[in-house]
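We count ligands from 1, going down the list as the structure has it; atoms in each ligand are counted the same way.
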Amino acid sequence: MRQIALYGKGGIGKSTTSANLSAAFSEMGLDVMQIGCDPKHDSTRMLMHGRWIPTVLEQMYDHKEIRSEDIIYQGFGNIRCVEAGGPEPGIGCAGRGIIATFQLLEKMQALYGDVVVYDVLGDVVCGGFAMPMRDGYAQEVYLVTSGELMSLYAANNICKAIARISERSSAKCRLGGVICNAKNMDNEQGLVEEFAKRIGSKLVCFIPRSNSVRAAEVNRMTVIEHDPASNQAKVYRDCAKIILENTDLRIPTPLALEELEELAREYL
Ligand code: ADP
Ligand code: SF4
Ligand code: MG
């Protein structure tokens, strides 16, 4: 079972990329599960044709006994979809949904398949959001970033977490590479490629900004389902293939903040 985690800043395109990769994996005939680990809980929405599935935390508040069908929902291509969920605004711990989700899935023996895709918010890499890496679930991490400084900053922080976790525990958590989800900035590919190199990794996919993503989103589908013949669908399929074939997993070398800023200046 491959356990692939996409980490990145909020709004950078983790869920869009995760859902399209999951759809591409399932098209290849693989048994796929996608777990949304973001309190925004919209990771699997396009796979579920716009449906907001109940989150694990919501179900825990509502029921004493939770069955697997209360938290695992079949989406496009028979992909098993789960949303960890988050606390009510202003109260509670955001990481709790993630911890509760993994404990419950383990108890149900429901974590299985050819590929499990974790879609994890990486703005705060606190204990809660680092849990999938620390506890050996997120074995291959892919950083989703654009060329914007703040998304590179978040990606660099996630590298710090991977490096620290690898140092202090036997968790099999490694960096698989960087996915550039473009914002159409000048020199963006060069910048993200160089960033990937400096952290001791590589750019695995460059995903252009595309209107097909918007069109698919308003029709409540992934691009793979909505516009399978489009160039963007091909980009996601190629990316899924590269990730499946990737065996080059590294412990990253995060940059100092000054170095990151200097790099961003070089590629203006
Ligand atoms: P995240 O999960 O990181 O918070 P989302 O996947 O929800 O981010 O993406 C945020 C917004 O950006 C969504 O409206 C999505 O449709 C849009 N988006 C993501 N990737 C692309 C892309 N390659 N081209 C165009 N729009 C995109
Ligand atoms: Fe929860 Fe993370 Fe906040 Fe700790 S830092 S309370 S784990 S969200
Ligand atoms: Mg998301």
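The immediate protein surroundings of ligand 1, defined as residues with any heavy atom under 4.0 Å of it, consist of Lys9, Gly10, Gly11, Ile12, Gly13, Lys14, Ser15, Thr16, Lys40, Asn181, Ile207, Pro208, Arg209, Ser210, Val213, Glu217, Gln232.
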Next on the checklist: Under the criterion side chain to side chain contact (heavy atoms under 4.5 Å, CB included), I'd like the reasoning laid out for Ser22 against Asn20: C-alpha separation, chi angles, the key distance, then a yes or no.
Outcome noted: CA-CA 5 Å; Ser22 288; Asn20 277 287; over 6 Å; no
Item to check | Test ring pair (Phe, Tyr, Trp, His ring centres under 6.0 Å) applied to Phe195 and Tyr153, step by step | outcome: CA-CA 10 Å; Phe195 167 73; Tyr153 178 79; over 10 Å; no
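When only non-hydrogen protein atoms are considered, atom 5 (S) of ligand 2 lies nearest to Cys126 CB, 3.4 Å. Scanning all protein heavy atoms for the shortest distance to atom 7 (S) of ligand 2 gives Gly128 N, 3.4 Å. When only non-hydrogen protein atoms are considered, atom 1 (Fe) of ligand 2 lies nearest to Cys93 SG, 2.2 Å.
Proximity of atom 3 (Fe) of ligand 2 to the protein is not indicated, since no non-hydrogen protein atom lies closer than 4.0 angstrom.
Counting heavy atoms of neighbouring residues, nucleotides and ligands inside a 6.0 Å radius, atom CZ of Arg220 does not exceed 12 of them. Dense packing is recorded around CZ of Arg51, with more than 12 heavy atoms of other residues, nucleotides or ligands lying under 6.0 Å away.
Numbered from 1 in the order shown, with element, the atoms of ligand 2 that lie under 4.0 Å from a heavy atom of Gly95 read 1 (Fe), 8 (S).
Side-chain atoms of Glu58 come within 3.5 Å of backbone atoms of Thr55 as a donor-acceptor pair (strictly under, hydrogens ignored).
Remark: Glu217 CD to His226 NE2 distance equals 11.5 Å, nearest 0.5 Å.
Note on Met221 and Met48: separate hydrophobic clusters, where clusters join Ile, Leu, Val, Met, Phe, Trp and Tyr whose side-chain heavy atoms are under 4.5 Å apart, directly or indirectly.
Here the closest non-hydrogen pair linking Ala130 and Tyr7 is CA-OH, 4.1 Å.
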